[in-house]
Amino acid sequence: VNAPDVIPIVILGGPGDGVVVAEAVLDMAAGGQPVRLAGFLNDALPVGARVHHAEVLGTLEDWPRLDPATRFIAALHKVKRMEERAQRIASLAIPDERYISVFHPSAVIARDVEVGAGSFFAAHVVVQPGSYVGRHVSVRAGANLGHDSRVEDFCYIGPNATLCGRTVMGAGAHLGPNSVVADGQRVGRYSVVGVCSAVTKTVPDRAVCLGVPARVFATLAPVPERKA
Ligand SMILES: CC(C)(COP(=O)(O)OP(=O)(O)OC[C@H]1O[C@@H](n2cnc3c(N)ncnc32)[C@H](O)[C@@H]1OP(=O)(O)O)[C@@H](O)C(=O)NCCC(=O)NCCS
């Protein structure tokens, strides 16, 4: 019978980040969107383990075994380890069209915003016009992305963080909860901005910084490319 298709969504991850995404999927379904939380893929938990109203279906490598209608979203953010995690996600070779971006029903995304595959927008996020959000980005509850901001692949924007207008988050960069990037500033690739910090000057790649104003106090080592 031609029942409207309900998209099964499987989350790569589990307790922690994965549960936050799961809750948004449940809210979408409760609001009448044609999606359902189908389960998790997780390398640490056994098949059948219960995680937030769903079960672990296998390890990350098991994705090709699932129903071809399944769409995926990665919830594998890890502070200071994002370069490694980005490589791990890429190594799975899941085609972009099999990923789905999840928008909590209360997120407000301006109509001209471009969003890549597999990104997540939590409750009460606001994304202003002219912005770009890449693939596998996690924007957490209450964050505000100012007009013409650019958030590249694998970034994390923490709860209640603010990107002022025309800011750039390089690939894999992390903005801690309640932190702010001032107008036009750039946070470099894989850099980490700590909690409650104010970025008033450009942050180089792989820097760890915090404070008001944010000061760089450590640099992360580049992660060698994974062999295919
Ligand atoms: C930036 C960060 C990654 C650094 O981690 P770290 O290298 O383990 O260093 P610490 O957290 O121990 O912080 C170093 C020092 O700075 C202090 N510090 C931490 N955040 C600070 C802030 N916003 N302003 C001023 N000082 C701060 C710590 O108290 C510590 O002080 P101490 O050396 O006197 O003990 C971490 O502080 C952080 O903010 N992580 C982000 C958390 C996050 O975004 N979580 C996402 C889930 S919501």
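The figures that follow rest on heavy atoms only: side chains count, while hydrogens, waters and symmetry mates do not. Note that ligands are numbered from 1 as they come in the structure, with each ligand's atoms numbered from 1 the same way.
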Relative to each other, are the rings of Tyr99 and Phe72 parallel, tilted or perpendicular (30° and 60° limits)?
perpendicular
When you measure from the side chain of Arg111 to the backbone of Pro129, do you find a donor-acceptor pair of N or O atoms at a distance under 3.5 Å?
no
From the options Lys78, His77, Arg140, select the one residue that forms a side chain to side chain donor-acceptor pair (under 3.5 Å) with Asp17.
Arg140
Could you list, one pair per line, each nitrogen or oxygen of ligand 1 together with any protein nitrogen or oxygen closer than 3.5 Å, giving atom names and the distance rounded to 0.1 Å?
unit_1	atom_1	unit_2	atom_2	d
ligand 1	7 (O)	Lys80	NZ	2.9
ligand 1	23 (N)	Val195	O	2.6
ligand 1	39 (O)	Val195	N	3.0
ligand 1	44 (O)	His174	NE2	2.6

Report the hydrophobic cluster partners of Tyr156, with the cluster defined as I, L, V, M, F, W, Y residues connected by side-chain heavy atoms closer than 4.5 angstrom, directly or transitively.
none
Under the 4.5 Å side-chain heavy-atom rule for ILVMFWY, direct or indirect, which residues accompany Val216?
none
Glu83: partners by side chain to side chain donor-acceptor pair (under 3.5 Å), with sequence neighbours left out:
Arg206
